[in-house]
Structure formats: C-alpha cells, structure tokens
Amino acid sequence: MRATAQSVADAVGRREHPHAYPAGVTFDAYRGERGYEQLKACLEGKQSREAVIAAVSDAGLRGLGGAGFPTGRKWGLVRAEAAPRMMAVNADEGEPGTFKDRHYLERDPHRFIEGMLIAAWVVEAEEIYIYIRDEYPEIRLMLLEEIAKVEAAGLSSHTKLHLRRGAGAYICGEESAMIESIEGKRGLPRHRPPYVAQVGLFGRPTLEQNVETLFWVRDILDKGAAWFTSHGRHERKGLRSFSVSGRVKDPGVKLAPAGITVRELIDEYCGGMTDGHTLKAYLPGGASGGILPASMADLPLDFGTLEKYGCFVGSHAVVVLSEHDDIKAVALNLMRFFEDESCGQCTPCRVGTEKAAKLMANGPWNPALLDELSAAMRDASICGLGQAAPNPLLCVLKYFPDELKTPLGSW
Amino acid sequence: MASSETLTPSDASQSGTVGERPAARRRPPRTPKGRQVDPQALAEVRALLEERPRQRALLIEHLHLIQDRYGHLSAAHLAALAQEMRLALTEVYEVATFYAHFDVVKEGEVPPPAVTVRVCDSLSCAMAGAERLLRELPNRLGRDVRVVRAPCMGACDRAPVCAVAMRR
C-alpha cells in the first residue's frame with residue numbers, strides 16, 4: 001500500500017524480517033491446470049527444438065526487458081555456438097516505473113519457471129543462473145521454495161539451477177554487468193563484441209532472457225503463435241505488459257495489445273486521469289525511454305514506433321504526467337537517477353551524468369551546451385545507461401521549449 | 001642524544017657533524033603491511049560460511065551472509081573473508097563498496113543502526129510525496145533507525161514506496 005509516515009512507523013515497530021509469501025498459483029495448482037506438460041513433451045522427445053524455436057519466432061516474441069531482441073533468433077544464435085552453453089535469467093527489474101516482472105513472479109512463478117526450463121532445453125544450457133534484485137526479498141525466498149519443488153519433481157534434470165541475489169545496483173540489469181555480478185565482481189558492463197551469446201558467463205556462450213519473455217513461452221506453445229499475433233492494435237502485433245504509474249486513477253500492470261496508444265491505455269485500462277489532472281506528458285519507456293508531450297499521445301507504443309522521435313518503449317514502463325509536474329524537474333529526477341547508478345567505468349557517463357544534473361539544477365538551461373554534453377554521452381558511453389541517459393533531457397529541449405523559460409519546479 | 005625513536009637527516013646536520021654517515025634508519029615496523037586477519041573475525045566468518053565453496057563467484061553471496069548477520073561489513077570481517085576466499089583484500093573491498101546494500105565500516109567508524117528505512121525517490125514516488133517522507137521520517141522514527149534514499153523498488157503503482165530492512 002502507499003507509504004505514509006504512520007504506516008512506515010508501524011512497519012518499523014513490527015520488526016519483521018522478509019518471509020516468502022505463498023506463490024499466487026502454487027506448484028500443485030499449476031500442475032493441475034496442465035502446467036509443465038509442454039516442458040515434459042520437450043524432455044520426452046515429443047517436441048523438437050526447431051518446432052519450439054519456430055513457434056516462438058512466429059509469435060514475434062521479443063525481449064521484454066527492454067531491448068526487444070527477437071527471442072527465437074536469439075535461441076538459434078546461442079544454439080549455434082559450441083558447448084558448454086549457459087543461461088542467465090534477468091530478474092533484476094530496475095528501470096524506474098517498471099514492475100511487471102514482480103507482478104508475474106508473485107502471481108504465477110511456475111509459468112516463468114516452465115518457460116525458463118524449456119528455453120534451457122532448446123539451447124542445451126548446462127546451468128541456469130537466475131539473478132534476482134535484492135529489493136525483492138520475499139520473491140527470492142518464495143523462488144527458493146518453488147525451485148526446490150521443481151527439482152524434487154525431476155523437472156530440471158536437464159540442467160542445474162542457481163538463484164543469485166543482487167545487492168542494489170541498477171546497472172546489474174544490463175546483461176553483461178549482470179554476468180559480471182554473477183561472477184562475483186563489480187557490475188561493470190563489458191565492451192561488445194563479443195556479445196553475450198558468444199562469450200558470456202564464465203566465458204561461455206550464454207542465453208540471457210528477461211523474466212517476462214520466458215513467462216509467455218508456455219502460452220505460445222499451448223495456444224499457438226497465431227493466438228499471440230492475433231492481439232495488437234494499429235497494425236502492431238502481440239501482447240505487452242505495461243507498468244503504468246503516475247497521474248492515473250488506476251495504476252498497475254496492464255496486459256494490453258502491442259501498439260496501443262497512451263491515450264487508449266489511460267482511458268481503457270487505467271480509469272482515466274486522476275481527478276484534477278490533465279495529460280501533459282508521459283514517459284513511454286521508463287527513465288531511459290524519453291518524455292513525450294500530450295500532443296503525441298496517439299502514437300502506437302511498440303518496439304520500433306518511437307525511435308524516430310528520440311524515444312523508445314523499452315520495458316513498457318509508462319509514467320503519466322500532468323500540469324502538476326514540472327517537466328524540467330522530471331528530467332532532472334531521471335538524470336540524477338542515472339548519475340547515482342552509473343557504474344563509473346567510462347568518463348562520458350560518469351562525468352556526463354554528474355555535469356548534466358548540475359547544469360539542469362542550476363538554470364537557466366543552456367540548450368547548446370546540454371546538446372553537446374548529450375552527444376558525448378550518446379556517442380561514447382560503453383553501455384546503454386550512458387547512451388540513454390540524455391534521452392529525457394533531449395526530449396525536454398525538443399518538445400517542451402516553453403518550459404525552459406520558467407524556473408525549476410518541484411513536488 | 002635525543003630519546004626519540006627516529007632521527008632525521010636534519011637532526012644530524014644540526015649536531016654539526018659534517019661528512020659522517022646519515023642518521024640511523026627508522027626501526028622496522030612491528031607488523032607486516034596491510035590489515036592482518038583477526039582470529040575472532042576469522043572464526044566468525046568460517047562459522048557463517050560453513051561448508052559453502054570459497055570460489056570467487058560466490059563473493060557477493062558471502063558478503064550478504066555477513067551483512068545480514070552483523071548489519072554491516074566490518075574491515076575485520078572483510079579481511080577474514082579475503083583470506084578464506086584467497087582474494088586480495090582490495091578485490092573484496094572494491095566489490096563490497098560497489099553495491100548500495102552493503103555497508104562497509106572501517107576501524108573506528110560507527111556501524112549503522114539495526115533498522116534501515118529506504119525511501120524511493122525515483123520519479124513516480126517523487127511525484128507522490130517522497131521528499132515529504134524523507135523530511136518527516138527521521139524525526140518520527142528516532143536515531144535508532146536510519147532513513148536513506150533509494151532508487152526505484154518496482155512498486156510504482158503504490159507510490160510513495162518505502163522498505164524496512166533489519167539486521168537479523
């Protein structure tokens with residue numbers, strides 16, 4: 001529930017340690033509704049790896065952590081590399097505004113686990129390392145219990161499962177930094193190439209997937225690729241889980257057609273804007289995805305539709321903003337986040353985010369200088385954090401030029 | 001002759017001697033370089049780790065064991081862990097200080113209180129009043145509770161978000 005000073009004081013008074021909440025759908029309940037039947041078909045040789053890859057490709061399943069890489073193609077690429085091969089699962093959900101992975105892990109963890117074990121079977125991964133963020137302790141404890149049940153039932157005999165715990169670092173959601181962290185090191189992203197599919201965990205070819213990407217594998221095999229592609233709006237295809245927060249009546253995870261617009265999302269799925277708030281702007285894809293104005297509220301939200309506007313849908317984390325939100329303050333909040341979370345390895349990001357935050361806090365904003373700084377970060381950073389950090393800033397300069405004339409607001 | 005333990009070249013020149021050998025060297029240090037492993041800390045780390053493998057990839061898992069149990073990572077425990085894992089202390093230190101959820105406490109520093117409240121100050125929570133909570137909570141909760149800012153905890157539909165963490 002929403003925190004208040006009183007509720008926090010009460011929680012402190014209770015002196016409770018995290019404990020596992022029961023999974024929304026228990027292991028037995030999941031098996032009761034034909035759960036793990038697809039996995040068993042794979043393990044018993046009734047399903048071919050090519051058929052599974054084809055189903056997932058035809059469904060158009062793409063990486064739902066934010067990069068949107070076609071899943072079937074990734075499985076094929078990893079399979080083409082020499083054994084031994086590994087698998088890493090990214091449960092380090094950290095993009096501000098994103099909470100869909102938490103949602104699915106809490107409610108239906110076995111649907112994700114089955115998808116994970118099927119993917120491991122397809123690429124013949126000898127070991128799977130699930131990396132879960134330290135901010136989800138109850139989920140981690142629950143997964144330990146549920147994984148033990150899966151192992152005891154013999155469902156993971158084709159691989160070996162490890163659950164690893166993050167320690168508070170957004171950058172460890174970046175695929176190569178996550179691998180560094182699983183190897184017991186600082187989460188410093190690697191230079192690519194070589195890509196993780198070629199050289200990943202412990203130097204081996206590694207399949208890395210987001211939790212939600214794996215969550216959909218079972219349903220695609222059960223219902224067919226055409227079921228998945230039958231969803232979609234404005235000529236886009238598929239189902240997407242939007243994490244919606246901000247100035248809407250009914251925030252939360254909204255399973256909606258790919259290509260839906262933010263206006264449709266707010267009106268049809270979120271009960272409309274909060275009373276007394278009018279749509280002014282929105283984040284289409286978390287802190288990294290930029291900021292768009294209300295005049296662009298009819299753009300379809302999907303991989304590939306927003307890039308020409310300097311934005312992207314990424315993890316599908318939509319934050320809705322109103323006239324009560326100063327857009328410069330929004331952009332500064334996001335830049336400070338990147339400054340805090342920068343791993344420090346490369347100068348354009350480490351120094352660029354700090355300098356940008358200082359310039360943005362001490363106005364008036366100098367568009368030419370901020371543009372130049374943004375270009376350095378965009379062109380020269382080793383990883384996506386530094387490359388995407390300028391996006392919100394550049395959007396303010398491009399889409400909200402009137403805001404530059406007013407002083408910095410706050411909440 | 002002065003009773004100080006070390007003589008500097010300037011002492012020699014002030015005594016007026018010219019052309020003689022330089023003043024005596026400093027006495028050798030009594031202990032080897034760097035932090036030495038404290039036997040008590042080593043026993044505590046071994047008791048925590050039990051039979052778990054000491055391989056490098058488990059460094060973060062092992063740091064969690066110590067942080068969970070003691071509420072922080074003391075220099076003594078880090079030195080003991082480095083020895084157990086056959087790593088240089090600096091390798092352990094650089095990993096421990098990289099991650100926000102680890103509290104490294106050097107000699108003479110004060111460990112954090114047993115309870116930490118993390119208040120998210122990322123966008124959705126800032127919009128929902130995180131700064132007000134950050135101002136109010138320290139007075140409300142007293143000095144036995146540490147209140148810190150934290151980045152997005154993935155519960156933005158329930159903004160503003162706080163998390164309470166306790167030492168075991």
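Nothing here was measured: the structure is a model prediction, and the numbers come from that model. Sequence lines set the chain letters: A, B, ... in the order given, protein chains first and strands last, and positions in each chain run from 1.
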Would you indicate whether the side-chain heavy atoms of [Y] and [X] approach each other to under 4.5 Å?
X	Y	answer
A:Val8	B:Cys162	yes
B:Phe98	A:Leu188	yes
B:Val164	A:Arg14	no
A:His324	B:Met127	no
B:Val115	A:Arg15	yes
A:Arg164	B:Leu58	yes

Quick one: what part of [X] sits under 4.5 Å from any heavy atom of chain B, side chain, backbone, both or neither?
X	value
A:Ile182	backbone
A:Phe337	side chain
A:Cys343	both
A:Ser181	both
A:Val248	neither
A:Glu341	side chain
A:Asp340	neither
A:Val319	side chain
A:Arg102	side chain

Checklist line | Interface residues of residues 128-136 of chain B facing chain A - non-hydrogen atoms under 4.5 Å apart | finding: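 Within residues 128-136 of chain B, the residues that come under 4.5 Å of chain A (heavy atoms only) are B:Leu133, B:Glu136.
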
Minimum-distance pair of heavy atoms, taken over all atoms of [X] and [Y]:
X	Y	answer
A:Cys172	B:Tyr99	SG-CE2, 3.7 Å
A:Arg133	B:Gly154	NH1-N, 3.7 Å
B:Ala126	A:Trp411	O-CB, 3.4 Å
B:Cys156	A:Thr98	SG-N, 4.2 Å
A:Arg2	B:Asp157	NH2-O, 3.5 Å

Note to self: For the NZ atom on A:Lys249, are there more than 12 heavy atoms of other groups (residues, nucleotides or ligands in this structure) within a distance under 6.0 Å?
What the structure shows: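 Counting other residues, nucleotides and ligands, NZ of A:Lys249 exceeds 12 neighbours.
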
Mind checking the [atom1]-[atom2] spacing from [X] to [Y]? Nearest 0.5 Å is all I need.
X	Y	atom1	atom2	value
B:Glu94	A:Lys185	CD	NZ	10.0 Å
B:Leu123	A:Ile291	CG	CD1	8.0 Å
B:Thr97	A:Arg186	OG1	CZ	8.0 Å
B:Gln55	A:Glu183	CD	CD	11.5 Å
B:Ser122	A:Tyr170	OG	OH	10.0 Å
A:Arg165	B:Leu63	CZ	CG	10.5 Å

Pick from [options]: which one has the most heavy-atom pairs with chain B under 4.5 Å?
options	value
A:Gly166, A:Ala5, A:Ala317, A:Ala169	A:Ala5
A:Gly344, A:Ala11, A:Gly97	A:Gly97
A:Gly187, A:Gly94, A:Gly13, A:Ser7	A:Gly187
A:Gly246, A:Ser245, A:Ser243	A:Ser245

Note to self: Quick test of your reading: applying salt bridge (Lys or Arg N to Asp or Glu O under 4.0 Å), list the pairs with at least one residue in residues 112-130 of chain B, sequence neighbours left out, ordered by first then second residue.
What the structure shows: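 Qualifying pairs: B:Asp121-B:Arg149.
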
So what's closer than 4.5 Å to chain A heavy atoms on [X]: side chain, backbone, both or neither?
X	value
B:Val95	both
B:Arg56	both
B:Leu141	side chain

Next item on the list: Would you please name every residue forming a side-chain hydrogen bond (donor to acceptor under 3.5 Å, both in side chains) with B:Asp38, sequence neighbours left out?
Entry: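 Applying side-chain hydrogen bond (donor to acceptor under 3.5 Å, both in side chains) to B:Asp38 gives none.
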
Item checked: Part of residues 273-289 of chain A lying next to chain B, heavy-atom separation under 4.5 Å ->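 Residues in range: A:Leu283.
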
